[in-house]
**Q** 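Let me give you the structure first, and then I'll get to my questions.
Just so you know, these numbers come straight off a predicted model, no measurement behind them. Letters A, B, ... mirror the listed sequences (proteins, then strands); counts begin at 1.
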Number of protein chains: 2
Amino acid sequence: MLKLTRKVEYALIALRHMQTLKPRKLTSAKEIAEAYGLPQQLLAKTLQQMARDSIIEAVQGPSGGYRIMSDLDKISLKDFFEKLEGPLGIMDCYFDSDCIQLGACNIRTPIQRINENMREMFSKMSLREVTQ
Amino acid sequence: MLKLTRKVEYALIALRHMQTLKPRKLTSAKEIAEAYGLPQQLLAKTLQQMARDSIIEAVQGPSGGYRIMSDLDKISLKDFFEKLEGPLGIMDCYFDSDCIQLGACNIRTPIQRINENMREMFSKMSLREVTQ
DNA sequence: TTTAAATACGATAATTTTAGTCGTATTTAT
DNA sequence: ATAAATACGACTAAAATTATCGTATTTAAA
Ligand code: FES
Ligand code: FES
């Protein structure tokens, strides 16, 4: 309950690792996976996704790899989480989508209040705060 | 990711329902389950757990049921969540328990920082705020 | 120009967690 | 006595998460 996924965890580990390297130095999925004992393929996918989201940059070919691309100060944890895992909320109560009830859910409003608080909290934290 | 469990959801629905009743009026698991279309047995377990935790009171025998027992203003959402689901945190980083790494996890400190923020946030919200 | 090391990514398998059910015991008002 | 409720451990089912596989593409370097 209220747990992060591995994907996000691996992403954070990778970013934090990249920040220890000198700027524009590349590192590969293999390097990171071996250094921290992570499943390489899964980590690779996560890196690829971050590359699609322009958080990091990918360079192909041998001696290729990844490097940090954007300013981590400018990315909130909320945006980061949402890029990797979709909309952030304790529960999916947009429309009546996920809710068990058909129409009148008695906890909808309070749930949304909690959601707002969460989003606000993670909006206030930057990715750099976490990775530095 | 960062989702509530059904157990907690059912608990909130039940509490909110009880608050609409007049004080000390009993309501049964069956009543609530039918009113909101929830699985009765699972709801019952949740109610039983809340009873063990003294959030609500159980009365046995026919015409028995449950009623709110404690002052919901005095229970934080953090305590509520933790009673139902155990320690609250985006990730289990007490000791090295859950972490993939043996010793040196590079995101441990930042994760704990996030955990603290979450706990603080849910400490500031009372159960009544949600159920009223 | 061949090779090898890397990214890219869809499909699928394995695992874990969550959700729900079953069976049975106990309590107690009627 | 009966029936309606709570109580609870064991089990099953379903869903979500995590991990792997297979294959294609890119490109530096031999
Ligand atoms: S509408 Fe979100 S829990 Fe019911
Ligand atoms: S110690 Fe918590 S993620 Fe590593």
Side-chain angles (χ1 to χ4, degrees), chain A residues 1-14 18 25-34 36-67 69 81 84-87 90-92 97-100, chain B residues 1-14 18 25-34 36-67 69 81 84-87 90-92 97-100:
Chain A
M1 181 208 179
L2 299 175
K3 287 281 179 294
L4 243 48
T5 60
R6 291 285 192 220
K7 200 158 97 178
V8 172
E9 181 178 0
Y10 298 160
L12 289 174
I13 291 175
M18 290 184 208
K25 172 100 169 93
L26 289 168
T27 182
S28 70
K30 192 179 179 197
E31 263 176 27
I32 302 176
E34 284 175 355
Y36 299 94
L38 312 181
Q40 180 177 334
Q41 303 253 51
L42 188 49
L43 170 66
K45 287 196 161 185
T46 307
L47 292 166
Q48 284 155 27
Q49 183 168 1
M50 285 200 285
R52 279 196 299 274
D53 291 334
S54 307
I55 295 169
I56 60 180
E57 177 184 11
V59 175
Q60 284 197 322
S63 80
Y66 303 90
R67 63 167 76 102
M69 193 187 177
F81 288 165
L84 292 183
E85 299 284 1
I90 221 132
M91 183 130 260
D92 313 310
S97 52
D98 190 50
C99 187
I100 315 123
Chain B
M1 180 208 181
L2 300 175
K3 287 280 178 293
L4 244 49
T5 60
R6 291 284 193 222
K7 200 158 99 180
V8 171
E9 181 178 0
Y10 297 161
L12 289 174
I13 291 175
M18 290 183 207
K25 172 97 170 92
L26 288 169
T27 182
S28 71
K30 192 178 179 200
E31 262 176 27
I32 301 175
E34 285 174 354
Y36 299 93
L38 312 181
Q40 180 176 334
Q41 303 253 51
L42 188 49
L43 171 66
K45 287 195 163 183
T46 306
L47 291 166
Q48 283 156 28
Q49 183 168 0
M50 285 200 284
R52 279 194 298 273
D53 292 334
S54 307
I55 296 169
I56 60 180
E57 176 184 12
V59 174
Q60 284 196 323
S63 79
Y66 303 90
R67 64 166 76 102
M69 191 187 177
F81 288 164
L84 292 183
E85 300 284 0
I90 221 128
M91 183 131 260
D92 312 310
S97 52
D98 189 51
C99 187
I100 315 123

**Q** Any protein N or O atoms within reach of nucleotides 26-30 of chain D? Criterion: under 3.5 Å, listing atom names and distances.
**A**
residue, atom, partner, partner atom, Å
D/dT26, O4', A/Q60, OE1, 3.0
D/dT26, O3', A/Q60, OE1, 3.3
D/dT26, O2, A/G61, N, 3.4

**Q** Does any N or O donor sit under 3.5 Å from an N or O acceptor when you compare the side chain of B/K45 with the base of C/dT21?
**A** yes
**Q** Just the rounded figure in Å: distance from P of D/dT6 to NZ of B/K30.
**A** 10 Å
**Q** Does a side-chain heavy-atom distance below 4.5 Å link A/I55 with A/M69?
**A** no
**Q** Just jot down the salt bridge (charged side-chain N to carboxylate O under 4.0 Å, His left out) partners of A/K30, sequence neighbours excluded, or say none.
**A** none
**Q** In this structure, how many angstroms lie between the P atom of D/dT6 and the CD atom of B/E31, rounded?
**A** 9 Å
**Q** Would you confirm whether A/S54, through its side chain, and A/M50, through its main-chain N or O, come within 3.5 Å as a donor-acceptor pair?
**A** no
**Q** By nearest heavy atom, map A/L47 and B/L4 onto DNA chain C; which one lands nearer the 5' end?
**A** A/L47
**Q** Under 4.0 Å, counting only non-hydrogen atoms across every strand here, what does B/A29 touch: a base, just sugar-phosphate, or nothing?
**A** sugar-phosphate
**Q** Specify the residue among B/G64 and A/T5 whose closest nucleotide of DNA chain D lies further upstream toward the 5′ end.
**A** B/G64
**Q** Using the salt bridge (Lys or Arg N to Asp or Glu O under 4.0 Å) rule, collect all pairs that involve residues 54-64 of chain B, keeping only residues at least two apart or in two chains.
**A** B/E57-B/R67
**Q** Send over the distance from B/K3 NZ to C/dA19 P, rounded to a whole Å.
**A** 12 Å
**Q** Mind checking what makes side chain to side chain donor-acceptor pair (under 3.5 Å) contact with A/Q49, not counting sequence neighbours?
**A** A/K7
**Q** Considering only C/dT7, D/dG22, C/dT21, which nucleotide approaches the side chain of B/Q41 most closely?
**A** C/dT21
**Q** Name the closest nucleotide to the A/R52 side chain, picking from D/dT6, C/dA8, C/dC9.
**A** C/dC9
**Q** How would you list all residue pairs meeting salt bridge (Lys or Arg N to Asp or Glu O under 4.0 Å) that involve residues 36-49 of chain B, not counting sequence neighbours?
**A** none
**Q** Can you tell me how far C1' of D/dA7 sits from OH of B/Y66, to the nearest Å?
**A** 7 Å
**Q** I want to verify a distance call: between D/dT6, C/dT7, D/dA19, whose nearest atom is closest to the B/Q48 side chain?
**A** D/dT6
**Q** From CG of B/L42 over to P of D/dC8, roughly how many Å is that when rounded to an integer?
**A** 15 Å
**Q** Whole Å only: how far is the CZ atom of A/R67 from the P atom of C/dA6?
**A** 15 Å
**Q** Check side-chain contact (heavy atoms from CB on, under 4.5 Å) between A/P62 and all other residues, then give those that pass, not counting sequence neighbours.
**A** none
**Q** For the pair made of CE in B/M1 and P in D/dT18, what is the distance, rounded to whole Å?
**A** 10 Å
**Q** Tell me: CZ of A/R6 to C1' of C/dA14, nearest whole Å?
**A** 15 Å
**Q** Can you see if the side chain of B/Y10 gets near the phosphate of C/dA19 - specifically, an N or O under 4.0 Å from OP1 or OP2?
**A** no
